[in-house]
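Encoded as structure tokens, the structure appears first; notes follow it.
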Amino acid sequence: MSVLDAPVATAAPAAPTTRLTPVFVALKLTLLRNGLRQSSGRRAAFIVSLVLTLLLAAGQALGLVLLRGDEHAATVVVLLTGVMALGWAVLPLFFPSGDDTLDPTRLVMLPLRPRPLIRALLVSSMIGIGPLFTLCLVVGSVLALAHGAAGIVFAVLAVPLTMLLCVALSRAVATANVRLLNSRKGRDLAVLSGLVIAVGIQFVNFGAQRLGQAGGLSALDPAAGVVRWLPGASALGAVDAASDGSYGVAVLQLLITVAALVALMWMWQRSLTKLMTSPDGSTLAAAEPARKESGRGGLSALLPEGRTATVMQRGLRYVARDPKTKAAWVTALAVGAIVPLLNAIQGTGSVYLACFAAGLLGMQMYNQFGQDTSAFWMVALTISSPRDAFVELRARAMFLLVITLPFTLAVCLVTAAMVGDWRSLPGALGLSFALLGSMLATGAVTSALFPYSIPQEGAFKNVAPGQGGLAWISILGGMLAAALLAAPVIVPTIWMHLSDHHDALWLMVPGGLVYAALIGWAGLRFAAVRTARRLPEILAAVSKG
């Protein structure tokens, strides 16, 4: 039975619980100070992050203050605050390890009641770079909107309410999903945050261009009119309403924020109580026996017996189960499709932008052995000759082609349909095939010559310490070599366009396929000999992390 279910007589007295908040604040400061004492690099990183955050926050606050008196100031402030509140809600899902000091599962065995505990956690959560940045943004926002005595009064109330709402929202979401975030699925979600960032940048770019075409900030007024009634931005909307003399609207919007804060605190307390009193999978026996995999199904049923089928199945399992491999593939697929399609939607697209997808997918061939991490020793035991190495590398390339070839073909066809330029489609297909074959060749070679380890810990640690130079040489050098190797297809394609021989572009499709097959085969052969000779060095390099 957890301490939260204990009788009242065994609970801590009321007086000590009232001092829980300063204890947690002191604990947060102590842990922060002790963490900075661990290494000079960590101190330097914290100081740099703090300085950059302060500079960015000061710039944002100054920009908001300069909007004071502008007719669109309320639109900018309300939407910015809404986005900031949304960020507080979703960041715990993508960065679950961002604040280990406030993980509620660490407090399960302590005699603490949920209500004073959430108060202490709420106050101590105000300490950090994120809350400091948010405070500067909120203060700049109210300075841009507050006019008159009523506006100042509502501004004084809006600042702490907005801060409390953002932090409570973040903690409520994190607590409700803490067991998910500590599981393998949670680590997958954290790693896939890179996908969200990459895709989000493309949509932000698209939105900015559309905003410029729409005639400025006035196009955002309808959206701001809706967002100002949502809890994350309603307190700032109340400041604007009070400054305009709409006191009834201001009171109602402020009450929305207060009601949302109360609801979040209640949800947080309920999630915390459930988390600290209910057992998890580590304390319960499995309800059902583990299911055993039997037989060959799916893609494996279509593959021949032997090493090729085994290697291809292993690659598919990496994509399905390894968080970093999954993130790399999903990001490449998503961004490779978004870039040409969004440009086509905006009317600035070209069929040849579809080659971007082939380039991103071809990068998955780089550092093949590093993707295996320390488990590569099991693969190394099966390689005793260049022939074994060639079969291994060929099977890895075939696995990549199973995904990349149909995806590249689909992106080229869809882009051509959206742009309406079917004459250039054969050239784009030929270039994509040649680029993909060249990257398979150079990826195999650099995997043998410049292998590096990929650490398992950390969502964004993709290179082991001391191997950054190898990674840069492998990726950038390999991509440059791939572009040079694809020149025999790039040059005639450009010549056909410049000389207006569009009818001959169809030759690039079989030409690109044949050239890709030949250059890929040659690269795999060359890499196989180097792999067989350098097995001890490769194993030492990929096992470093």
Side-chain angles (χ1 to χ4, degrees), residues 53-91 126 129-170 200 203-205 207-208 210-212 214-261 264:
T53 300
L54 288 175
L55 291 176
L56 180 60
Q60 293 279 358
L62 179 60
L64 290 170
V65 172
L66 293 177
L67 284 174
R68 184 178 177 86
D70 189 272
E71 59 177 334
H72 299 299
T75 298
V76 174
V77 167
V78 167
L79 291 178
L80 183 62
T81 308
V83 171
M84 180 184 64
L86 179 63
W88 275 94
V90 301
L91 283 180
M126 297 288 181
I129 296 178
L132 177 62
F133 178 79
T134 303
L135 179 62
C136 294
L137 216 59
V138 174
V139 171
S141 299
V142 298
L143 290 176
L145 296 180
H147 298 280
I152 294 174
V153 170
F154 276 85
V156 171
L157 296 174
V159 171
L161 282 176
T162 303
M163 288 293 301
L164 290 172
L165 181 72
C166 289
V167 175
L169 179 61
S170 174
F203 279 104
V204 167
N205 178 45
R210 297 290 291 181
L211 182 61
L217 294 173
S218 58
L220 297 177
D221 289 341
V226 175
V227 174
R228 69 171 58 243
W229 290 97
L230 300 179
S234 57
L236 276 299
V239 176
D240 182 54
S243 299
D244 291 340
S246 303
Y247 304 119
V249 174
V251 172
L252 182 57
Q253 289 177 331
L254 201 65
L255 288 177
I256 290 175
T257 303
V258 174
L261 179 59
L264 282 173

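The figures that follow rest on heavy atoms only: side chains count, while hydrogens, waters and symmetry mates do not. Keep in mind that what you see is a predicted model, and the values were worked out from it rather than measured.
Side chains of Leu132 and Thr53 form no contact here, defined as non-hydrogen atoms less than 4.5 Å apart. Looking at Gln253 and Asp240, their side chains never come closer than 4.5 Å, going by heavy atoms from C-beta outward. With a 4.5 Å cut-off on side-chain heavy atoms, Val251 and Phe154 count as touching.
The closest donor-acceptor contact from the side chain of Ser170 to the backbone of Cys166 lies at 3.5 Å or more, if one exists at all. A side-chain donor-acceptor contact under 3.5 Å links Ser243 to the backbone of Leu145. A donor-acceptor pair under 3.5 Å is formed between the side chain of Ser234 and the backbone N or O of Pro231.
Taking every heavy atom of both residues into account, Ala146 and Gly151 meet most closely at CB-O, 3.8 Å. The minimum heavy-atom distance between Leu137 and Gln60, with the atom names listed, is CD1-CB, 3.4 Å. Minimum interatomic distance between Met126 and Val167 (heavy atoms only, all atoms of both residues): SD-CG2, 3.7 Å. Heavy atoms only, all atoms of each residue included: Leu169 and Ala85 are closest at CD2-O, 3.5 Å. Residues Val227 and Ala233 come closest through the heavy atom pair O-CB, 3.7 Å. Nearest heavy-atom pair, Ala242 versus Ala250, reported as atom, atom and distance to 0.1 Å: N-CB, 3.7 Å.
In this structure, Met84 CE and Leu79 CG are separated by 12.5 Å, a value rounded to the nearest 0.5 Å. Rounding to the nearest 0.5 Å gives a distance of 10.5 Å between CG of Leu86 and CG of Leu230. In this structure, Leu157 CG and Ile152 CD1 are separated by 12.5 Å, a value rounded to the nearest 0.5 Å. Atom CG of residue Leu143 and atom CG of residue Leu64 lie 9.0 Å apart, to the nearest 0.5 angstrom.
Counting only residues at least two apart or on different chains, the side chain to side chain donor-acceptor pair (under 3.5 Å) pairs with a member in residues 140-151 are Arg68-His147.
The side-chain contact (heavy atoms from CB on, under 4.5 Å) test with Val138 singles out one residue from Leu80, Val77, Val159, Thr81, and that residue is Val159.
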Trp88 vs Leu165, side chain to side chain contact (heavy atoms under 4.5 Å, CB included): CA-CA, chis, key distance, verdict: CA-CA 9 Å; Trp88 275 94; Leu165 181 72; over 6 Å; no
Audit row: Val78, Trp229, side chain to side chain contact (heavy atoms under 4.5 Å, CB included) steps and yes/no: CA-CA 10 Å; Val78 167; Trp229 290 97; over 6 Å; no
Working for side chain to side chain contact (heavy atoms under 4.5 Å, CB included), residues Leu236 and Arg228: CA-CA 7 Å; Leu236 276 299; Arg228 69 171 58 243; over 6 Å; no
